[in-house]
A.B. asks: 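Have a look at the structure that comes next, please.
Below, read A as the first sequence line, B as the second, and so on, with proteins coming before strands; counting in each chain starts at 1.
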Amino acid sequence: MELKLYNTLSKTKELFVPIDKEDIRLYVCGPTVYDLAHIGNARPVIVFDLLYRILNNIFGKDNVTYIRNITDVDDKINNRAYAEYPNIFINDAINKITAGVIKSFHEDIFSLGCLNPDFEPKATENISEMQEIILALIKSKNAYVSENHVLFDVTSYKNYGKLTNRTLKEMISGSRIEVATYKRHPLDFVLWKPSSEIEPGWMSPWGYGRPGWHLECSAMSTKYFGSHFDIHGGGIDLIFPHHENEISQSCCFHKNDKMANFFIHNGILNIEGKKMSKSLGNILKIKELLNKWPSEVIRFNMLRTHYRQPIDWTETSLKESWLILNKWYDVTEDQKIFDENNIPYEFIESLCDDLNSPLAISKLHEFYKEGNYDDLRLCGNFLGLLKIGKKDWKNWIPSASNIDVNQIEMLITEREEARKNKDFAQSDKIRDNLIAKGIKLNDNKDKTTWEVL
RNA sequence: GGCCACGUGGCGGAGUGGUUACGCAUGGCUCUGCAAAAGCCCUUAUUCCGGUUCGAUUCCGGACGUGGCCUCCA
């Protein structure tokens, strides 16, 4: 099976050819762990989980290595640490913050059905690796020391701006930031910066300080993957400066012309047509969504839009996602076990065309229509859907609700009696009372089921 | 200002140089104590203006519109 992927480097869809088909290397930029993950954070996690599943399917799980790092050096983390633990050493305060956020992040994405990466390195655990790169870059004159900072000299790398598709001149013309005095060129970026006594830091040849953001991915990808790997992924907003700067550092350090063969970026996510932002107060946490919807609704809703398109995250589309899954769950048979290697060609083929999940999902609709429920379930499972079992799906209730399942069952039985006795006034009264509580009854041929509105 | 992406029916959302997937909603029918659910069936679309072509929604150019990046936001 041929896999085609859109490569930001070339701005075209390219055939994916692994560097070594027995050692395929996928590196994805993970979260900065300053606060509970929001639904925008979930997008790359779900998208690259899908890519990981496809790579596993084509090349074999043992031949694919997936790394998703954790950024735990960041001023937003520092600010929380000062505020919440003012009386303890800053590095310890930070650990308390990040440990909690990481735990929560793991819970969230486990709920969303994402496979674990093989490695999940943290910036704080790779400080010496980053320092090694800095030393080498200073030696090779790609970096310089200035006012206790170490900066990367963007003019020293001829391909700077290639990923972003902009020249240095074009970037400066659009620049709105004030240029720090210690920079030779306005776009030079920090590899190491000094920390005050109250800021987190590590000892280094350039004094007590901390690394710049971009450096961690160069250090961690080098550590696990060496100088050159297959795919580097992340959100589209990471193209500049993050990935551009990573490429500069890594290529100068390794004396390479490529860091990764493919750069893949997912589109942004809006909430009800608006960008998520603190000022609008519309930052939607994954946990909030998990309280309101079965987790597969969230995952399915994400996959219904192609990963490179912007996605508008709305209540309406969540409802529609729920409706479709509910329809599919009606025909699943939990006991059946499938051969995972027997996935229909047309389904995988859709996914192999640059992860065209909407087209792949249309195949599921066709399977449903044809009554081919085995392939529906098999392909659904591949996408991480239709996995929880019919009973769990049907009995799922929002965690915030005060719905009493036993009471509902009792009322249903009571209503059945009334209906048998043709006491429709009574039976309708029971149904209306439940509707008022947000529970809808459906009288199927054999029995009555209920669902939460 | 620079760079980039996008513009498809009531809504969501794919593909394609020649009958415009798929879903949701709407409408009709079947079933049903009623309602719902379920099943069946049907209708509606490629922003505009040029060009290339026998033929363009698809390729090229332009206009208009929307959005992203140029700030350590995924």
A.B. asks: Roughly how many Å apart are B/rA36 and B/rU66, using the C1' atom of each and rounding to a whole number?
C.D. replies: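 The answer is 40 Å between these two C1' atoms.
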A.B. asks: Between C1' on B/rC70 and CZ on A/Phe189, what's the gap in Å once rounded to a whole number?
C.D. replies: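 Rounded to the whole Å, the gap is 16 Å.
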A.B. asks: Using side-chain heavy atoms (C-beta onward) and a distance below 4.5 Å, is A/Lys394 in contact with A/Trp450?
C.D. replies: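 They are not in contact (no side-chain heavy atoms under 4.5 Å apart), so the answer is no.
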A.B. asks: Take atom CG of A/Asn245 and atom P of B/rC70, then tell me their distance rounded to the nearest Å.
C.D. replies: 12 Å
A.B. asks: Test A/Phe152 against every option in A/Asn142, A/Leu187, A/Ile134 by the side chain to side chain contact (heavy atoms under 4.5 Å, CB included) rule and name the one that passes.
C.D. replies: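 Considering A/Asn142, A/Leu187, A/Ile134, a side chain to side chain contact (heavy atoms under 4.5 Å, CB included) with A/Phe152 is found only for A/Asn142.
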A.B. asks: Would you say the ring centroid of A/Tyr329 lies under 6.0 angstrom from that of A/Trp396?
C.D. replies: no
A.B. asks: Side chains of A/Tyr34 and A/Asp75 only: does a donor on one sit below 3.5 Å from an acceptor on the other?
C.D. replies: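 No - no donor-acceptor pair under 3.5 Å links their side chains.
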A.B. asks: Under 4.0 Å, heavy atoms only, any strand: does A/Leu269 hit a base, just the sugar-phosphate, or nothing?
C.D. replies: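 Base contact - A/Leu269 has a heavy atom under 4.0 Å of at least one base atom.
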A.B. asks: What is the distance, rounded to the nearest whole Å, between atom CG of A/Leu187 and atom P of B/rC69?
C.D. replies: 17 Å
A.B. asks: Rounded to whole angstrom, note down the P distance from B/rC64 over to B/rC48.
C.D. replies: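 Here B/rC64 and B/rC48 have their P atoms 16 Å from each other.
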A.B. asks: Is any side-chain heavy atom of A/Tyr224 less than 4.5 Å from a side-chain heavy atom of A/Tyr27?
C.D. replies: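 Result no, sub-4.5 Å side-chain heavy-atom pair not found.
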A.B. asks: Say we look at B/rG17 and B/rG51: how far apart would their C1' atoms be, to the nearest angstrom?
C.D. replies: 15 Å
A.B. asks: Phosphate oxygens OP1/OP2 of B/rC4: is one of them under 4.0 Å from a side-chain N or O of A/Asn165?
C.D. replies: yes
A.B. asks: For each nucleotide in nucleotides 21-35 of chain B, reading 5' to 3', give B when a protein heavy atom comes within less than 4.0 Å of its base, S when such contact involves only the sugar-phosphate, and - otherwise.
C.D. replies: BSBSS-------BBB
A.B. asks: Near RNA chain B, counting only heavy atoms under 4.0 Å, which residues of residues 104-130 of chain A show up?
C.D. replies: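 Contacts with RNA chain B under 4.0 Å: none.
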A.B. asks: Output yes when a side-chain donor or acceptor of A/Arg53 lies under 3.5 Å from a complementary backbone atom of A/Phe382, and no otherwise.
C.D. replies: yes
A.B. asks: Between B/rA74, B/rG15, B/rA36, spot the one nearest the side chain of A/Tyr34, thanks.
C.D. replies: B/rA74
A.B. asks: Looking at A/Tyr208 and A/Gly201, would you say the former's side chain and the latter's main chain have a donor-acceptor pair under 3.5 Å?
C.D. replies: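 Indeed, once roles are kept as given, a pair shorter than 3.5 Å links the two residues.
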A.B. asks: Is A/Thr71 close enough to B/rC72 that one of its side-chain N or O atoms is under 4.0 Å from OP1 or OP2 there?
C.D. replies: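 Answer is no, no contact under 4.0 Å.
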A.B. asks: For residues 149-165 of chain A, pull every pair meeting salt bridge (charged side-chain N to carboxylate O under 4.0 Å, His left out), keeping only residues two or more places apart or in separate chains.
C.D. replies: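 Counting only pairs at least two positions apart or across chains, no salt bridge (charged side-chain N to carboxylate O under 4.0 Å, His left out) contact touches residues 149-165 of chain A.
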A.B. asks: Do the charged groups of A/Lys429 and A/Asp432 touch, with an N to O distance under 4.0 Å?
C.D. replies: no
A.B. asks: Mind checking if A/His306 touches a base, just sugar-phosphate, or nothing, with heavy atoms under 4.0 Å?
C.D. replies: sugar-phosphate
A.B. asks: Mind checking the C1' distance from B/rA21 to B/rG2? Whole angstroms is fine.
C.D. replies: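 Result for the C1' pair: 38 Å, nearest Å.
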A.B. asks: Rounded to whole Å, please give me the gap between NZ in A/Lys11 and P in B/rC6.
C.D. replies: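 So the two atoms are 11 Å apart, to the nearest Å.
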A.B. asks: Tell me the salt bridge (charged side-chain N to carboxylate O under 4.0 Å, His left out) pairs involving residues 229-250 of chain A, sequence neighbours left out?
C.D. replies: none
A.B. asks: Assuming nearest nucleotide by heavy-atom distance, tell me which of A/Thr32 and A/Phe240 is located more 5' along RNA chain B.
C.D. replies: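 Of the two residues, A/Phe240 wins.
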A.B. asks: For RNA chain B, which consecutive runs of 3 or more Watson-Crick or G-U pairs (each distance under 3.5 Å) count as stems?
C.D. replies: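 In RNA chain B, stems of three or more pairs: B:1-7 with B:64-70, B:10-12 with B:22-24, B:27-30 with B:38-41, B:47-51 with B:59-63.
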A.B. asks: Once salt bridge (charged side-chain N to carboxylate O under 4.0 Å, His left out) is applied, what residue pairs with a partner in residues 1-11 of chain A remain, sequence neighbours excluded?
C.D. replies: none
A.B. asks: Is the A/His149 ring parallel, tilted or perpendicular to the A/Tyr182 ring (thresholds 30°, 60°)?
C.D. replies: parallel
A.B. asks: OP1 or OP2 of B/rG13 versus the side-chain N and O atoms of A/Thr305: is any pair under 4.0 Å?
C.D. replies: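 Checking A/Thr305 against B/rG13: at least one side-chain N or O falls below 4.0 Å of OP1 or OP2.
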